[in-house]
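By convention in this document, chain letters (A, B, ...) are assigned in the order of the sequence lines, proteins followed by strands, and residues within each chain are numbered from 1.
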Amino acid sequence: MKIATYNVNGINGRLPVLLKWLALAQPDIVCLQELKAPQEKFPETPIRDAGYDVIWHGQSRWNGVAMLSRIGELHETRRGLPGDPRDEQSRYIEAAVGGILVAGLYLPNGNPWPGPKYDYKLQWMARLDTHLETLFDLKAPVVACGDYNVIPTDLDVYKPENWKDDALFSPEARAAFQGILDQGWTDAIRHLHPDERIYSFWDYWRRSYERNAGIRIDHLLLNKAAAKRLKAAGVDTRPRGWEKSSDHAPAWIELADERPKGKNERTRRC
DNA sequence: ATGGCGTGGCTGCCACGA
């Protein structure tokens with residue numbers, strides 16, 4: 001089972017790129033961020049025509065998250081991150097599908113730092129920490145993926161000194177991300193590639209992608225049951241080189257199929 | 001150090017992103 005997270009930076013402007021990538025990569029479950037479309041302007045029909053069930057939480061101009069599945073119906077368990085009823089930004093959606101629980105999130109950018117947007121980011125991360133703690137111990141596999149807008153370590157940024165004053169690389173944001181990992185979550189890409197430079201975002205300007213001047217901010221976190229099934233993880237850089245691309249590329253994992261139970265044990269041994 | 005580019009919304013710009 002292949003699960004991906006992709007910040008599309010505008011779902012309607014990006015639809016041809018998204019559909020081309022879905023056909024190419026054939027992901028089973030996809031979380032999308034930065035739809036930049038109100039609820040009624042989400043392109044539901046072309047996505048369903050591509051073979052996916054879909055749920056989404058839109059917002060005019062900014063934010064917006066969606067989830068796609070081609071392995072069965074999405075059973076939505078939550079929209080909106082709990083912990084602040086006054087928060088009206090569309091940044092969190094959660095659903096059960098195919099025996100696993102998937103959370104798709106778009107963590108606030110937080111720039112400029114310091115400032116109210118930065119405060120909102122840290123508050124949002126504290127709420128995420130609280131909520132993910134309730135999901136970690138579920139018996140079922142849980143995948144919490146999305147644009148975290150956090151560069152976890154120096155290995156995740158092409159030139160750390162350029163980012164030292166940025167909210168994506170602030171000590172507090174990094175500590176908050178580490179705090180979530182300390183609950184026991186596995187950063188899938190880093191776990192399988194401990195020393196490799198892997199990026200998921202490249203600025204549009206200064207030929208950043210051509211120079212591979214990127215950062216890794218799109219993450220897939222796995223609880224114990226999900227980590228046990230982790231087979232592969234990476235970033236699919238192909239669409240980043242296409243015309244009219246997002247500035248992000250999709251990050252993905254592959255989970256092993258659920259192990260057959262009971263009567264199949266014997267036949268597997270033969 | 002600054003600016004560079006791109007999206008969407010409502011009209012010649014502005015807010016926002018990372």
Worksheet entry | A:Asn7 vs A:Gly13, nearer the 5' end of DNA chain B by closest nucleotide | A:Gly13
Worksheet item: Considering only the C1' atoms, how many Å lie between B:dC14 and B:dA1, rounded to the nearest integer?
Response: 24 Å
Worksheet item: Do other residues, nucleotides or ligands put more than 12 heavy atoms under 6.0 Å from the CD atom of A:Glu88?
Response: no
Worksheet entry | Rounded distance (Å) that lies between atom C1' of B:dG6 and atom CZ of A:Phe201 | 10 Å
Worksheet item: Which part of the nucleic acid, if any, lies within reach of A:Tyr106 when heavy atoms closer than 4.0 Å are counted: base, sugar-phosphate only, or nothing?
Response: sugar-phosphate
Practice prompt. Could you tell me whether the phosphate oxygens of B:dC16, OP1 or OP2, come under 4.0 Å of any side-chain nitrogen or oxygen in A:Asn63?
Written response: no
Discussion item. Any donor-acceptor pair under 3.5 Å linking the side-chain atoms of A:Tyr204 with those of A:Ser245?
Written reply: no
Item to complete: Rounded to the nearest angstrom, tell me the gap between atom CZ in A:Arg240 and atom P in B:dA18.
Response: 13 Å
Worksheet item: Any donor-acceptor pair under 3.5 Å between the side chain of A:Asn109 and the base of B:dA18?
Response: yes
Item to complete: Could you work out which one of B:dG6, B:dA18, B:dG17 sits closest to the side chain of A:Arg14?
Response: B:dG6
Worksheet item: Nearest of B:dT7, B:dG8, B:dA18 to any side-chain atom of A:Trp163?
Response: B:dA18
Worksheet item: Quick one: which of B:dG4, B:dG17, B:dG6 gets closest to the side chain of A:Lys36?
Response: B:dG6
Fill in: Between C1' of B:dG17 and CH2 of A:Trp113, the distance in whole Å
18 Å
Worksheet item: For the pair made of CG in A:Asp156 and P in B:dA18, what is the distance, rounded to whole Å?
Response: 17 Å
Taking N or O atoms only and anything under 3.5 Å, show me the protein contacts with nucleotides 13-15 of chain B, one pair per line.
none

Worksheet item: In whole angstrom, what separates A:Glu34's CD from B:dG8's C1'?
Response: 11 Å
Discussion item. Any carboxylate oxygen within less than 4.0 angstrom of a Lys/Arg side-chain nitrogen, looking at A:Asp53 and A:Arg70?
Written reply: no
Contacts under 3.5 angstrom, residues 140-155 of chain A side chains, donor-acceptor by atom type, not counting sequence neighbours:
| residue | atom | partner | partner atom | Å |
| --- | --- | --- | --- | --- |
| A:Asp147 | OD1 | A:Asn149 | N | 3.0 |
| A:Asp147 | OD2 | A:Asn7 | ND2 | 2.9 |
| A:Tyr148 | OH | A:Ala144 | O | 2.8 |
| A:Asn149 | ND2 | A:Leu107 | O | 2.8 |
| A:Thr153 | OG1 | A:Leu155 | N | 3.1 |
| A:Thr153 | OG1 | A:Asp156 | OD2 | 3.0 |

Worksheet item: Is a side-chain N or O of A:Arg48 found less than 3.5 angstrom from the main chain of A:Pro43, in a donor-acceptor match?
Response: no
Worksheet item: A:Leu35 CG to B:dG17 C1': how many Å, rounded?
Response: 15 Å
Worksheet item: Rounding to the closest angstrom, what is the interatomic distance between B:dT2 and B:dT7 at atom P?
Response: 26 Å
Worksheet item: Nearest to the side chain of A:Tyr204 - B:dG4, B:dG9, B:dG17?
Response: B:dG17
Discussion item. Just to be sure I understand the rule, does A:Asp147 reach a base, reach only the sugar-phosphate, or reach nothing, if contact means heavy atoms closer than 4.0 Å?
Written reply: sugar-phosphate
Fill in: Among B:dG8, B:dG9, B:dG4, the nucleotide that comes nearest once only the side chain of A:Arg206 is considered
B:dG4
Worksheet item: Are A:Lys2 and A:Asp28 ion-paired here, with the side-chain N under 4.0 Å from a carboxylate O?
Response: no
Discussion item. One pair to check against ring-ring contact (aromatic ring centres under 6.0 Å, His included): A:Trp163 and A:Phe169. What are the steps and the verdict?
Written reply: CA-CA 6 Å; A:Trp163 291 84; A:Phe169 200 46; 7.9 Å; no
Fill in: Atom-to-atom span, CD of A:Glu210 to P of B:dG4 - whole angstrom
18 Å
Practice prompt. Take A:Lys164 and A:Gly110, find for each the nucleotide of DNA chain B with the closest heavy atom, and name the residue whose nucleotide sits nearer the 5' end.
Written response: A:Lys164
Worksheet item: Does NZ or CZ of A:Arg91 fall inside the cone over A:Tyr106's six-membered ring, less than 6.0 Å from its centre and within 45° of the axis?
Response: yes
Worksheet item: Would you say the side-chain atoms of A:Ser200 pair up with the backbone N or O of A:Ala249, donor to acceptor, closer than 3.5 Å?
Response: no
Worksheet entry | P-based separation of B:dG6 from B:dC10 [nearest Å] | 23 Å
Discussion item. Using a 4.0 Å heavy-atom cut-off, does A:Asn149 contact any base of the nucleic acid, only the sugar-phosphate backbone, or nothing at all?
Written reply: sugar-phosphate
Item to complete: May I ask you to evaluate whether A:Lys244 reaches the phosphate of B:dT7, defined as a side-chain N or O under 4.0 Å from OP1 or OP2?
Response: yes
Response to the item:
Whole-Å distance, A:Gln59 CD to B:dG17 C1', equals 14 Å
Worksheet item: Which of these nucleotides, B:dA18, B:dG6, B:dG9, is closest to any side-chain atom of A:Pro38?
Response: B:dG9
Discussion item. Quick check for you: among B:dG3, B:dA18, B:dT7, whose closest atom lies nearest to any side-chain atom of A:Asn111?
Written reply: B:dA18
Fill in: A:Lys36 to A:Trp62 six-membered ring, cation-pi geometry met (6.0 Å, 45°)
no
Worksheet entry | Minimal non-hydrogen separation, A:Pro46 against A:Leu19, with atom names | O-CD2, 3.9 Å
Item to complete: Using Watson-Crick or G-U wobble pairs with both distances under 3.5 Å, give me DNA chain B in dot-bracket, 5' to 3', with [ ] for crossers and | for pairs to another strand.
Response: ....(((((...))))).
